[in-house]
Amino acid sequence: MEVILSNDRARWNEVVSRFSSADIYYKNEYVQSLLLGSQDKGVLFYYSDDSFSVCYPMIIKDIAKSEQFKGLLPENIYFDMEVPYGYGGPICEGHNEEAEKRFIHKLTAWCNEHGVVSQFIRFHPVLDNQQNCERVGIEKLYVHHTVAMDTAVVDDIMLNMDSKKRNMVRKAEKSGVTIEIDNSLDSLEDFKRIYTATMDQHNAAEMYYFTDDYYEYLKNEFSEHTVLFKAMYEGKAIAASLFFYDDKFMHYHLSGKDIEYRNLAPTDLLLYEAARWAFNKGIRRFHLGGGMSENDSLFNFKKGFNKNGILDFYIGRTIFMKDRYEELLSIREANDTEFNKNNGRMIQYRA
């Protein structure tokens, strides 16, 4: 088993390129964007043996530096790891039960040696890779659905939308909303203004805010996989979205809209035009993601774009060091009277 550090971009991306289904969430540049200003570490696990190979990127975190354990643990002793923001998890090619067992053994040994207590996986709905979880020692749990648009045939984009969504697209066009596409990301200030205001309106958690360094990184290091769409009305940007893409898939990354103009349905038109852009790029699927919970308003908004595009989203975990896992639960119980270890979370001590 090879553990490739994020500072070895060439080796990392060379390994990922061997897996035909890997998309932008597996690229080194994407993981590096999430490590800016952080002391976390990015690693790529790679194993190949006897007609079986697997790879997946993870971010390793020092548990002592988390909000739940500040002042309660020594640093550089207890770690856990999770899939970088978005979707990921193991990509497996080939099948060999003995080789799969060897991978699990080597991964567990490495995690024990480096103090990694557990791992948390957000599986990739488009890749459907939760199917691999038992082969590589991961428990899985269904969370909710996500939505993907089919962009291989341009006529299918509008055809798959429900009648209400088609009407909203036409309404935006008739109202004078137009779409601008920024491939160079020169107008990121427009996006940041709209996105930050949207997050403020929703009292979003800190994890949904991004620094200026992050946006600069996207422009300077990841622009060939990032595109910005803006909905314009009377010369003003009233909605904006950032998308990630490669030659296979496009992903709805971040989005916001000016609440004063929501009656013009700018985001509906923006996503429709983004899907058409994906078709012109030869991209076959456009993943919109899901909501915060099953059948909430955000999910239902996205579902209207493809009634036939419902995908399953799973999360997963592996506990590598059971004694330390139980110790972390005990520490939480002793120091937080409101903590309940039976909280339903995959990594319970993180609740």
Side-chain angles (χ1 to χ4, degrees), residues 1-28 30-31 41-61 78-84 86-143 246 248-249 311-328 346-348:
M1 186 181 75
E2 184 178 359
V3 181
I4 304 165
L5 302 182
S6 58
N7 59 6
D8 191 352
R9 178 179 295 185
R11 176 58 179 163
W12 181 304
N13 284 337
E14 189 273 325
V15 166
V16 168
S17 70
R18 300 179 186 184
F19 292 79
S20 59
S21 61
D23 71 349
I24 57 97
Y25 287 126
Y26 293 80
K27 289 186 71 67
N28 178 272
Y30 176 74
V31 176
K41 298 177 181 178
V43 298
L44 178 71
F45 293 101
Y46 171 56
Y47 180 85
S48 183
D49 181 23
D50 291 344
S51 304
F52 169 73
S53 58
V54 58
C55 86
Y56 65 107
M58 297 294 279
I59 290 179
I60 298 178
K61 301 172 179 287
Y78 300 79
F79 299 90
D80 56 18
M81 59 188 187
E82 66 175 87
V83 162
Y87 304 103
I91 297 177
C92 298
E93 293 189 351
H95 185 70
N96 183 306
E97 291 186 6
E98 291 304 313
E100 291 159 16
K101 290 176 183 177
R102 287 194 291 271
F103 168 70
I104 295 172
H105 174 77
K106 287 180 178 291
L107 177 64
T108 301
W110 188 93
C111 288
N112 275 267
E113 180 183 349
H114 291 82
V116 177
V117 178
S118 65
Q119 69 173 346
F120 175 69
I121 304 289
R122 286 181 296 275
F123 289 103
H124 197 310
V126 180
L127 301 184
D128 201 28
N129 62 333
Q130 71 274 359
Q131 307 288 348
N132 299 325
C133 67
E134 293 180 359
R135 297 168 59 188
V136 289
I138 301 172
E139 304 172 50
K140 71 177 179 181
L141 176 69
Y142 169 78
V143 181
D246 62 8
K248 300 183 291 294
F249 308 130
L311 305 174
D312 293 333
F313 171 47
Y314 284 80
I315 57 176
R317 74 170 183 180
T318 308
I319 299 174
F320 298 109
M321 307 176 73
K322 291 182 169 55
D323 289 346
R324 281 198 179 179
Y325 191 94
E326 291 299 326
E327 181 184 351
L328 292 170
M346 290 296 272
I347 308 298
Q348 294 144 297

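All heavy atoms count here, side chains included; hydrogens, waters and symmetry mates do not.
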- Message: With a 6.0 Å cut-off (strictly less than), is the heavy-atom count around NZ of K248, excluding the residue itself, greater than 12?
- Response: yes
- Is D80 reaching over with its side chain to a backbone N or O of S118, donor-acceptor style, under 3.5 angstrom? no
- Rounded to the nearest 0.5 angstrom, the CG-OH distance for L44 and Y26 is 10.0 Å
- Test: E93 and R18 ion pair at under 4.0 Å: no
- Task: Measure the CZ-NZ distance between F120 and K61 for me, rounded to the nearest 0.5 Å.
- Result: 11.5 Å
- Find out whether V43 and L5 are in side-chain contact, i.e. whether some heavy atom of one side chain is under 4.5 Å from a heavy atom of the other. yes
- Message: If the condition is side-chain contact (heavy atoms from CB on, under 4.5 Å), which residues does C133 pass it with, not counting sequence neighbours?
- Response: F123, I138, K140
- Query: Would you call M58 and I121 a side-chain contact if the rule is heavy atoms closer than 4.5 Å?
  - Reply: yes
- Message: Ignoring hydrogens, what is the shortest heavy-atom contact between A22 and D246? Give both atom names and the distance.
- Response: O-OD2, 4.1 Å
- Task: Tell me, with the steps shown, if Q119 and L107 meet side-chain contact (heavy atoms from CB on, under 4.5 Å).
- Result: CA-CA 11 Å; Q119 69 173 346; L107 177 64; 4.3 Å; yes
- Item | Sub-4.5 Å side-chain heavy-atom contact between D23 and Y87 | no
- Residue Q131 excluded, over 12 heavy atoms near CD under 6.0 Å: yes
- Before giving the answer on side-chain contact (heavy atoms from CB on, under 4.5 Å), spell out for R317 and Q348 the whole-Å C-alpha distance, their side-chain angles and the decisive distance to 0.1 Å. CA-CA 11 Å; R317 74 170 183 180; Q348 294 144 297; 3.5 Å; yes
- Does the side chain of Q130 pick up a donor-acceptor pair with the side chain of D128 at under 3.5 Å? yes
- Item | N13 side chain vs V16 backbone, donor-acceptor pair below 3.5 Å | no
- Is the shortest heavy-atom distance from the side chain of V116 to the side chain of W110 under 4.5 Å? yes
- Quick one: pull up CE in M321 and OG1 in T108 and give me the separation to the nearest 0.5 Å. 11.0 Å
- Task: Kindly say whether G88 contributes a backbone atom to a donor-acceptor pair with the side chain of N129 at under 3.5 angstrom?
- Result: yes
- Note on the structure: Shortest non-hydrogen pair, Y25 vs V31, comes out as O-CG2, 4.3 Å
- Message: As an exercise, state the distance from CZ of R11 to CD1 of I4, rounded to the nearest 0.5 Å.
- Response: 5.0 Å
- Task: Check the angle between the aromatic planes of F45 and Y56 and answer parallel, tilted or perpendicular using the 30° and 60° thresholds.
- Result: tilted
- Task: Please determine if E327 and R324 form a salt bridge, counting it only when a charged side-chain N lies under 4.0 Å from a carboxylate O.
- Result: no
- Query: With a 4.5 Å heavy-atom cut-off, do F19 and S53 have their side chains touching?
  - Reply: yes
- Query: Looking only at heavy atoms, what is the nearest atom pair of C92 and V54, with distance?
  - Reply: SG-CG2, 3.8 Å
- Note on the structure: Rounded to the nearest 0.5 Å, the CZ atom of F320 sits from the CD atom of E113 at a distance of 13.5 Å
- Report yes if some heavy atom in the side chain of F52 is under 4.5 Å from a heavy atom in the side chain of E98; otherwise report no. no
- Message: For a quick test of reading the model, state the closest non-hydrogen atom pair linking I104 to R135 and the distance between them.
- Response: CD1-O, 3.5 Å
- Answer whether the closest heavy-atom distance between the side chains of H95 and E100 falls below 4.5 Å. yes
- Determine whether K41 and M81 make a side-chain contact, defined as any pair of heavy atoms from C-beta on separated by less than 4.5 Å. no
- For F103, check ring pair (Phe, Tyr, Trp, His ring centres under 6.0 Å) against everything at least two apart and list the hits. Y47
- Nearest-0.5 Å distance, NE2 of residue H105 to CE of residue M1: 10.0 Å
- Is the backbone N or O of G137 less than 3.5 Å from a side-chain atom of T318, with the two atoms forming a donor-acceptor pair by type? yes
- Across all chains, not counting sequence neighbours, the ring pair (Phe, Tyr, Trp, His ring centres under 6.0 Å) partners of F79 are none
- Message: When you measure from the side chain of N28 to the backbone of S6, do you find a donor-acceptor pair of N or O atoms at a distance under 3.5 Å?
- Response: yes
